[in-house]
Trainee: 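Before anything else, here's the structure in question.
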Amino acid sequence: MNKKVIAGIAVGGLLAVSAAAYFGLNGSGASGLLPVATRSIAEVQNQEVFYLDSEAVALSNASDVDTGLRAEALEAYNQVNDERAAAGLDGLKWDQNLETVCSVRAKECSQKFSHTRPSGQPWYTVNSKIQGGENLAFGFDSATDCVDAWMNSPTHRDNILYDEFDKVAIGIYQDDDGTCYWAQEYGY
């Protein structure tokens with residue numbers, strides 16, 4: 001084989017492995033991550049316009065979430081705090097207001113998997129006074145698989161281990177086809 005063909009195969013293989021790692025592809029179907037979204041504490045505190053999507057919040061009652069999905073979200077929360085402890089960081093506190101935001105964002109991601117909401121607004125406009133960061137994922141059926149994917153992504157890992165965040169919640173929405181959409185929202 002000539003050197004150009006070998007180099008092409010090597011580059012193609014590297015791209016395939018990189019894509020699989022980035023999107024978290026596994027044998028059970030497609031799953032994936034988006035690059036993270038983060039705002040500094042100054043951006044949150046000094047924002048001139050306050051965004052609160054009261055209609056979306058009213059329609060999304062976090063207490064109505066399937067108990068099995070909520071249990072999986074709480075397991076992911078515990079695993080995130082385990083990762084923080086292993087890195088010498090304080091654990092994050094579960095925040096009910098962020099849980100409501102997660103409920104909105106996870107459901108929205110089933111319509112448009114993006115840090116831009118289906119309405120075209122930025123991700124933090126569910127409640128701009130409390131949303132400091134966001135990790136999203138889809139297609140993971142367990143807390144372990146989702147947290148492992150987040151930890152294997154440098155940018156998602158950075159959000160999880162960011163020492164300025166002190167609050168978090170995680171929400172999971174399961175679409176009619178069984179796909180799980182995960183939203184992890186951080187606050188200061």
Side-chain angles (χ1 to χ4, degrees), residues 23-24 30-39 44 51-81 83-84 92-153 155-162 165-188:
F23 289 107
S31 55
L33 305 173
L34 279 178
V36 299
T38 307
R39 298 185 318 143
V44 172
Y51 296 96
L52 175 63
D53 189 342
S54 55
E55 183 179 343
V57 168
L59 291 173
S60 175
N61 186 347
S63 65
D64 288 342
V65 172
D66 176 285
T67 55
L69 294 177
R70 188 161 193 277
E72 206 63 36
L74 291 170
E75 176 59 27
Y77 164 71
N78 290 329
Q79 290 180 25
V80 163
N81 275 339
E83 294 290 348
R84 288 178 63 88
L92 298 167
K93 295 176 203 90
W94 187 270
D95 185 272
Q96 286 299 133
N97 293 320
L98 285 173
E99 184 176 9
T100 299
V101 170
C102 286
S103 183
V104 171
R105 290 295 296 132
K107 187 170 186 178
E108 288 180 344
C109 284
S110 73
Q111 300 163 27
K112 180 179 182 178
F113 189 66
S114 172
H115 291 297
T116 301
R117 300 178 64 204
S119 66
Q121 295 290 318
W123 61 275
Y124 58 83
T125 60
V126 178
N127 188 339
S128 64
K129 285 293 185 188
I130 64 172
Q131 288 178 268
E134 177 175 81
N135 282 351
L136 301 175
F138 79 92
F140 299 100
D141 294 329
S142 73
T144 299
D145 290 345
C146 188
V147 172
D148 284 351
W150 280 334
M151 290 302 292
N152 287 325
S153 161
T155 55
H156 293 82
R157 178 185 177 90
D158 287 348
N159 257 1
I160 289 171
L161 301 180
Y162 185 52
F165 290 139
D166 62 4
K167 300 173 192 163
V168 73
I170 299 170
I172 307 167
Y173 174 77
Q174 190 170 34
D175 209 345
D176 291 339
D177 69 2
T179 302
C180 290
Y181 293 85
W182 299 69
Q184 182 180 46
E185 301 292 329
Y186 297 93
Y188 296 101

Trainee: With a 4.5 Å cut-off on side-chain heavy atoms, are Arg84 and Asn81 touching?
Mentor: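 Touching, per the 4.5 Å side-chain cut-off.
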Trainee: Flag the pair Cys102 / Gln184 as yes when at least one side-chain heavy-atom distance between them is below 4.5 Å, and no otherwise.
Mentor: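 SC-SC contact between Cys102 and Gln184 ruled out.
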Trainee: Any idea which heavy atoms bring Arg39 and Ser128 closest together, and the distance?
Mentor: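 Shortest heavy-atom contact: NH2-O, 2.5 Å.
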Trainee: Assess the side chains of Gln96 and Glu99: does a donor N or O sit below 3.5 Å from an acceptor N or O?
Mentor: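 The criterion, which ignores hydrogens and geometry beyond distance, is satisfied for Glu99 and Gln96.
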Trainee: For the residue pair Val80 and Val147, establish whether any side-chain heavy-atom pair is separated by less than 4.5 Å.
Mentor: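 The answer is yes, as the side chains (C-beta and beyond) meet within the 4.5 Å cut-off.
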Trainee: For the OG atom of Ser153 and the CD1 atom of Ile160, what is their distance to the nearest 0.5 Å?
Mentor: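 Reported value, rounded in 0.5 Å steps: 8.5 Å.
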Trainee: Measure the shortest side-chain to side-chain distance between Val44 and Lys129 over non-hydrogen atoms and say whether it is less than 4.5 angstrom.
Mentor: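 Of all side-chain heavy-atom pairs linking Lys129 with Val44, none is under 4.5 Å.
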Trainee: Taking all heavy atoms of Cys109 and all of Ser114, pick out the closest pair and write down the distance.
Mentor: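 Shortest heavy-atom contact: SG-O, 4.2 Å.
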Trainee: Could you pull out the closest heavy-atom pair between Arg105 and Val126, with the gap in Å?
Mentor: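 What the structure gives for the nearest pair is CD-CG2, 3.8 Å.
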Trainee: Just how far is it from atom CG of Leu92 to atom OH of Tyr162, taken to the nearest 0.5 Å?
Mentor: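 Between atom CG of Leu92 and atom OH of Tyr162 there are 12.5 Å.
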Trainee: Answer with yes or no whether the side chains of Tyr186 and Asn135 bring together a donor and an acceptor at under 3.5 Å.
Mentor: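 Yes, a side-chain donor-acceptor pair sits under 3.5 Å.
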Trainee: Name the orientation class of the two ring planes belonging to Phe165 and Tyr188 (parallel below 30°, tilted from 30 to 60°, perpendicular beyond 60°).
Mentor: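 Tilted, since the angle between the ring planes falls between 30° and 60°.
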Trainee: If you round to the nearest 0.5 Å, how far is CG of Leu69 from OG of Ser103?
Mentor: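 Between atom OG of Ser103 and atom CG of Leu69 there are 10.5 Å.
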Trainee: Just by modelled atom types, is the Leu98 backbone N or O under 3.5 Å from a matching donor or acceptor in the Asp95 side chain?
Mentor: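 Here the side-chain-to-backbone pair exists.
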Trainee: Are Glu75 and Ser142 packed together at the side-chain level, in the sense that at least one heavy-atom pair is separated by less than 4.5 angstrom?
Mentor: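 In short, these two side chains do not touch, never coming nearer than 4.5 Å.
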Trainee: Would the distance check show the side chain of Gln131 and the main-chain N or O of Asn127 forming a donor-acceptor pair, the cut-off being under 3.5 Å?
Mentor: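 Flag set: sc Gln131 to bb Asn127 pair under 3.5 Å.
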Trainee: May I ask you to decide whether Lys167 forms a salt bridge with Glu185, counting only side-chain N to carboxylate O separations under 4.0 Å?
Mentor: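 Glu185 and Lys167: not salt-bridged.
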Trainee: If you draw a 6.0 Å radius around CG in Asp177, do more than 12 non-hydrogen atoms from other residues or ligands fall strictly inside?
Mentor: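 Enclosed: over 12 neighbouring heavy atoms sit under 6.0 Å from CG of Asp177.
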Trainee: A side-chain contact here means heavy atoms from C-beta on lying under 4.5 Å apart; do Gln121 and Thr116 qualify?
Mentor: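 No. Closest side-chain heavy atoms not under 4.5 Å.
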Trainee: State, yes or no, whether a side-chain contact exists between Val104 and Arg117 at a heavy-atom distance under 4.5 Å.
Mentor: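 Of all side-chain heavy-atom pairs linking Arg117 with Val104, at least one is under 4.5 Å.
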Trainee: Does a donor on one side chain sit under 3.5 Å from an acceptor on the other, for Thr144 and Gln79?
Mentor: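 Yes.
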Trainee: Report the relative orientation of the aromatic rings in Tyr124 and Tyr51; use parallel for angles under 30°, tilted for 30 to 60°, perpendicular for over 60°.
Mentor: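 If you compare the ring of Tyr124 with that of Tyr51, the planes turn out perpendicular.
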Trainee: So, do Trp94 and Tyr77 have ring centers that fall under 6.0 Å from each other?
Mentor: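 Judged by ring-centre distance (under 6.0 Å), Trp94 and Tyr77 do meet the cut-off.
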Trainee: With distance as the sole test, does Asp145 use its side chain to make a donor-acceptor pair with the main-chain N or O of Asp141 at under 3.5 Å?
Mentor: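 Absent.
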Trainee: Examine Tyr181 together with Tyr173 and report whether their ring centres are nearer than 6.0 Å.
Mentor: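 No, the ring centres sit 6.0 Å or more apart.
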Trainee: Can any side-chain N or O of Glu72 pair as donor or acceptor with the backbone N or O of Ala143 at less than 3.5 Å?
Mentor: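 Flag set: sc Glu72 to bb Ala143 pair under 3.5 Å.
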Trainee: Look only at the side chain of Thr125 and the backbone of Pro122, and say whether a donor-acceptor pair between them is shorter than 3.5 Å.
Mentor: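 Here the side-chain-to-backbone pair exists.
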Trainee: So how far is it from Ile170 CD1 to Ile172 CD1, rounded to the nearest 0.5 Å?
Mentor: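 Reported value, rounded in 0.5 Å steps: 7.5 Å.
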Trainee: How are the rings of Trp123 and His115 set to each other: parallel, tilted or perpendicular (split at 30° and 60°)?
Mentor: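 Perpendicular: the ring planes of Trp123 and His115 meet at over 60°.
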